[in-house]
Each structure stands twice: as structure tokens, then as C-alpha cells.
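First up is the structure itself, then whatever we jot down about it.
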Amino acid sequence: MTMTTQKLSGAVMSASPRWSLKDAIWILSVYAATVGAGTLFLPVEIGTRGPMVFLMLLLLGFPLSMVPHVLVGRLFMRDGHTADRNLPMFGAFFGPKGREAIKIYFCVAHFPVTLVFAISLVNALDNLFTERLQMTLLPRGALAVIVPGLLFLVLSKGRDSVVRTLSALALPFALTILAIALVQIPDWQLSNVTHALRDTNTAPPGETLKHLWLTLPLVTFAFCSTPMISPLAAWYRERGNGGETKAVLIIRLAYVLIFFSIVFFVLSCILAIPRDTFVMAKAQNLNVLSVMKAGDSADLLFWIAPLIAILGMTKSFLGVCLSVAETCSGLVAGALGASDPRGEARAKRIAYAGMFVLTAGVVYLNPNVVTLIETVCGPLIAIFLFLIPAWLIYTRPQLRELRGPTAITVILGGVLTVSALLYGIVF
């Protein structure tokens with residue numbers, strides 16, 4: 001064993017220190033990066049497709065979310081190629097060209113996710129002003145420039161600043177989502193579910209299974225926090241921060257919180273909101289909070305629901321785009337041959353400018369976000385989250401100890417999710 005490997009092993013597997021405030025901040029940061037736009041569109045899709053999809057969420061949501069993220073976290077913790085100060089990204093398991101290729105794929109897979117959040121954020125803002133406040137503040141073209149510009153301005157402040165912002169936004173958002181779910185309980189009507197179930201039962205069994213299968217990319221998207229796992233691993237790799245044991249514990253605790261909050265929120269929405277409302281929301285490219293109607297006892301809460309949606313989109317954008325922006329900046333710096341701080345700063349400006357222009361253009365065009373999730377984001381993320389880690393585990397001798405039922409579960413989840421994309425493309 002080389003000296004570098006010994007140091008890496010010591011850092012990765014070091015004994016966990018006592019619990020600290022930073023551990024709580026990382027749990028909230030992973031939560032903040034995960035529970036946002038995908039969560040707010042999940043009730044719309046499940047409400048449109050029927051209760052059987054919710055049952056699938058109950059059965060498969062937790063293993064298809066926590067298990068692969070724990071596995072990715074273990075791989076990132078064992079990525080010894082960090083001499084270039086980039087975030088861990090499977091680099092130790094590839095050659096120079098492979099490392100560049102995996103970074104490019106990471107950006108290609110996750111940048112569309114930031115587009116979904118930006119589109120959803122601008123749509124929520126536009127809906128708030130036009131539908132709730134009955135006023136036109138700015139045309140869409142102006143919003144498409146101003147909103148992404150402000151988001152990239154926050155990102156430019158650096159990793160620590162973004163992580164602190166995410167943790168600060170996570171708890172208020174989580175409590176508000178819980179409050180909205182609880183307030184809807186008096187409006188729960190079993191007929192909303194039974195009516196949708198009757199519609200589902202009239203379809204052939206094969207059609208029902210197809211709906212379940214094609215929803216997997218959205219479920220993968222709604223529970224994905226891969227971009228936040230990379231900076232989390234970078235923190236816990238540092239000596240004295242707890243190593244792999246503490247990092248895995250943080251991911252598991254975060255996903256217990258994520259899963260139960262998402263499931264309860266979705267359940268409350270599909271019981272309280274008629275299916276026709278979900279169909280309308282999907283047609284208008286809106287999230288569930290933007291189409292909630294005020295009830296007699298919850299006028300204030302439902303009036304602020306669009307504001308909560310805006311908060312959710314903002315923190316999810318920051319959480320995902322943090323790693324994407326840093327990785328893109330590193331790729332640009334490598335292409336320009338920049339190795340000094342001045343050159344790296346120039347590469348960062350170029351990367352941010354390019355991402356901003358693309359984001360503003362796509363936000364202005366306003367493509368359907370659920371379609372974008374199901375056909376682009378979900379499958380591309382599934383390849384990075386499921387298939388690449390499993391392939392590395394079964395092809396790299398140093399990862400032999402990670403083989404077993406967990407890796408097999410990850411492979412099956414990836415194959416099912418990616419095949420849903422291929423079906424959508426062919427048929």
C-alpha cells in the first residue's frame with residue numbers, strides 16, 4: 001500500500017468525532033438540495049396518473065433514493081484524485097481522459113436539472129403576480145434575465161456561502177411543507193383517490209404498469225441530491241471531520257427526513273386536491289403550490305404557498321448548480337490551461353456567463369418541465385447515480401468490498417429508469 005493510499009484510507013475511515021453543528025448543517029443542506037421543485041411537481045404527476053403511482057413511491061422511493069446516494073457517497077469518499085482541488089467525482093477510478101469525460105457527463109446530466117428549477121421559479125413568480133396579485137410586474141423576457149442573474153450572483157460568493165444559505169433556507173421550507181400538509185387534512189376526501197383509482201382500473205393492466213414504469217425518472221429526480229453529495233464528501237474527507245462513517249450517517253439521516261416529508265406531503269395533496277386540478281397544473285407547467293385554492297381556515301397559508309414554492313425552487317437551484325458550476329469552471333480552466341488564481345477566476349467568469357446565457361434562453365422558451373424531467377433529467381441522472389457507480393464497483397478491484405445486494409439494487413433501479421427514457425424516445 002502506497003503512502004498516498006494509507007493517508008487516504010486514514011482520512012476516509014477515521015473514527016467519527018462527536019456530533020457538531022456542521023453535521024446538522026450538512027443534513028439540512030442535503031435536504032434543501034433535494035426537496036424542492038421535484039417535490040412540488042411530484043403530486044401533480046401522481047395526481048394525474050393515479051394512486052398506483054403513489055403506492056410505487058411508498059414501496060420503491062426509499063430504496064431507490066437512499067441506497068444509491070449512500071453508495072455514491074462511499075465512492076466519492078474513496079476518490080483520491082483531488083490534487084487539482086476539484087470536487088470528488090470518481091476521478092481516482094479513471095485515467096486522465098476518463099476523469100475529464102466523467103466531469104463533462106456530470107455537467108450534461110445535472111445542468112438540465114438547474115434549468116428545470118429556473119423555469120419553475122420564473123413560472124411560480126409569474127403566477128404569483130398575475131393570478132394571485134392580479135398585476136403584471138415584468139414581462140417574461142425580463143424575468144428570464146433577472147432571476148437567473150440573481151441566482152448566479154449568489155453562486156459566485158463561493159461554496160461555503162451557498163451551503164450556509166441552503167441550510168438556512170431548509171428548515172423554514174421543511175416546516176412550511178409540513179404545515180401545508182397538515183392544514184389540508186380537514187379537506188381530505190377519499191373520493192379524490194377512489195375516482196382516480198376507478199379511472200386507472202379501466203385501463204388495461206399493461207397500461208397501468210407502463211404508467212408506473214414511466215414515472216420512475218420523476219421519482220429519481222424528486223429524490224436526487226447527487227450534486228450535494230460531492231461537496232459533502234469533500235468536507236468529510238478532511239482529517240478530523242469524521243470520514244466515510246460520518247458521511248454515510250449524514251446521508252442516511254438526511255434521506256429519512258427527505259422520504260417521510262415528501263411522502264406525507266404528496267399524500268396530503270392527492271387526498272385534498274381533485275384530479276382535475278392536477279391535470280390543469282400539468283397543462284400550465286405549474287407546481288402544486290401554485291394551484292392550491294384557499295380554504296375557509298387556511299387563507300393566509302395558501303396565499304403564501306406560491307412564496308414557499310419560490311423558496312423551494314431557489315434553494316434547489318443553488319444546491320444543484322453549486323457542483324455543476326464548480327465542475328464547469330474546472331473544465332474551462334483546464335481547456336484554457338489556467339493554473340494560477342487569475343486564470344482560474346477568468347475561467348469561472350466564462351463558465352458562469354455561458355451557463356447564465358443558456359439558462360436565460362431556456363427559461364424564456366418555457367418548455368414543459370415534467371416532460372423535461374421524464375425524458376432528459378431523470379434518465380441522465382439515473383446513469384450517473386445508478387449505473388456508473390455499479391459499473392465501477394464490479395470493474396475496479398479496490399471497490400470489491402462494496403459488491404453485493406446493495407450494488408444489485410442500484411443496477412436494477414438504473415436499468416428500469418434508463419429504459420423508461422429509451423421507451424419514450426422509440427415510442
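Residue numbers run from 1 in the order of the sequence given. What you see is a predicted model; the values in this text were computed from it and never measured.
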- request: May I ask you to say whether Lys103 pairs ionically with Glu326, meaning some side-chain N is under 4.0 Å from a carboxylate O?
  value: no

message: Can you confirm whether Phe93 sits close enough to Arg78 that some side-chain heavy atom of one is under 4.5 Å from a side-chain heavy atom of the other?
response: yes

- prompt: For Glu100 and Leu331, what are the C-alpha separation, side-chain angles and deciding distance, and is it a side-chain contact (heavy atoms from CB on, under 4.5 Å)?
  reply: CA-CA 8 Å; Glu100 294 301 301; Leu331 289 170; 3.3 Å; yes

query: Counting distance only, does the side-chain N/O of Ser261 pair as donor-acceptor with the main-chain N or O of Ile258 below 3.5 Å?
result: yes

Pairwise side-chain contact, Phe265 with Val288, heavy-atom cut-off 4.5 Å (strictly under): yes

- prompt: Can you check side-chain contact (heavy atoms from CB on, under 4.5 Å) on Phe173 and Ile177, steps first, answer last?
  reply: CA-CA 6 Å; Phe173 182 82; Ile177 286 292; 3.6 Å; yes

Nearest atoms (heavy-atom pairs only) where Trp188 meets Ser268: NE1-OG, 3.1 Å

- request: Determine, step by step, whether Phe152 and Phe317 satisfy the ring pair (Phe, Tyr, Trp, His ring centres under 6.0 Å) criterion, reporting the C-alpha distance in whole Å, the side-chain angles of both residues, the deciding distance to 0.1 Å, and the verdict.
  value: CA-CA 10 Å; Phe152 278 101; Phe317 180 95; 5.8 Å; yes

- request: Determine the interplanar angle of the Trp26 and Trp235 rings, folded into 0 to 90°, and report it as parallel if under 30°, tilted if 30 to 60°, perpendicular if over 60°.
  value: tilted

message: If I take atom CG from residue Leu55 and atom CG from residue Leu60, how far apart are they, to the nearest 0.5 angstrom?
response: 9.0 Å

- request: Would you mind reporting whether Ile25 and Arg164 have side-chain heavy atoms less than 4.5 Å apart?
  value: no

query: For the atom pair SG (Cys224) and CZ (Phe384), what is the distance rounded to the nearest 0.5 Å?
result: 9.5 Å

Least distance between heavy atoms, Leu399 atom then Leu392 atom: CD1-O, 3.8 Å

message: Keeping Thr417 on the side-chain end and Gly413 on the backbone end, is there a donor-acceptor pair under 3.5 Å?
response: yes

message: Using 0.5 Å steps for rounding, measure from the OG1 atom of Thr277 to the CD1 atom of Ile270.
response: 13.5 Å

field: Derivation and outcome, side-chain contact (heavy atoms from CB on, under 4.5 Å), residues Val113 and Phe117
entry: CA-CA 6 Å; Val113 179; Phe117 295 147; 3.5 Å; yes

message: Contact between Thr359 and Leu115 at the side-chain level, heavy atoms closer than 4.5 Å - yes or no?
response: yes

field: Asn366-Arg140 side chain donor-acceptor pair, cut-off 3.5 Å
entry: yes

- request: Evaluate the side-chain contact (heavy atoms from CB on, under 4.5 Å) criterion for residues Tyr236 and Glu244: first the C-alpha distance (whole Å), next the side-chain angles of each, then the deciding distance (0.1 Å), finally the verdict.
  value: CA-CA 7 Å; Tyr236 284 101; Glu244 182 176 320; over 6 Å; no

- request: Indicate the atoms forming the closest heavy-atom contact of Phe94 with Arg99, along with that distance.
  value: O-NH1, 2.9 Å

Distance flag, aromatic centroids of Phe260 and Tyr255, threshold under 6.0 Å: no

- request: Find out whether Phe386 and Leu412 are in side-chain contact, i.e. whether some heavy atom of one side chain is under 4.5 Å from a heavy atom of the other.
  value: no

message: Looking at Pro389, is its backbone amide N or carbonyl O close enough to the side chain of Tyr394 to form a donor-acceptor pair, meaning the two atoms are under 3.5 Å apart?
response: no

task: Please round to the nearest 0.5 Å and tell me the distance separating atom OG1 of Thr176 and atom CG of Leu311.
output: 7.5 Å

query: Is there a donor-acceptor pair under 3.5 Å between the side chain of Ser316 and the backbone N or O of Met313?
result: no

message: Please report whether the ring centroid of Phe76 lies less than 6.0 Å from that of Phe90.
response: yes

query: In Å and rounded to the nearest 0.5 Å, what is the OH to CG distance from Tyr352 to Leu155?
result: 5.0 Å

statement: In short, Cys269 meets Phe278 closest at the heavy-atom pair O-CZ, 3.6 Å

- prompt: Does the side chain of Pro367 reach to within under 4.5 Å of the side chain of Val362, using non-hydrogen atoms?
  reply: yes

- prompt: In this structure, are over 12 heavy atoms from other groups packed under 6.0 Å from Phe356 atom CZ?
  reply: yes

field: Arg396 atom CZ, neighbour heavy-atom count above 12 within 6.0 Å
entry: yes

field: Exam field: side chain Arg74 to backbone Leu402, donor-acceptor pair closer than 3.5 Å
entry: no

message: Can you confirm whether Ser329 sits close enough to Glu344 that some side-chain heavy atom of one is under 4.5 Å from a side-chain heavy atom of the other?
response: no

query: Is His110 reaching over with its side chain to a backbone N or O of Cys321, donor-acceptor style, under 3.5 angstrom?
result: no

field: Side chain proximity check, Leu71 to Ile393, heavy atoms < 4.5 angstrom
entry: yes

Closest contact, heavy atoms only, Ile251 versus Gly73: CD1-CA, 4.1 Å

field: Which atom of Ala390 lies closest to which atom of Ile411, heavy atoms considered
entry: CB-CG1, 3.2 Å

- request: Hey, could you give me the NZ/CD1 distance between Lys315 and Ile310, rounded to the nearest 0.5 Å?
  value: 13.5 Å

message: Between Ser161 and Lys157 (side chain of the first, backbone of the second, donor and acceptor by atom type, cut-off under 3.5 Å), is there such a pair?
response: no

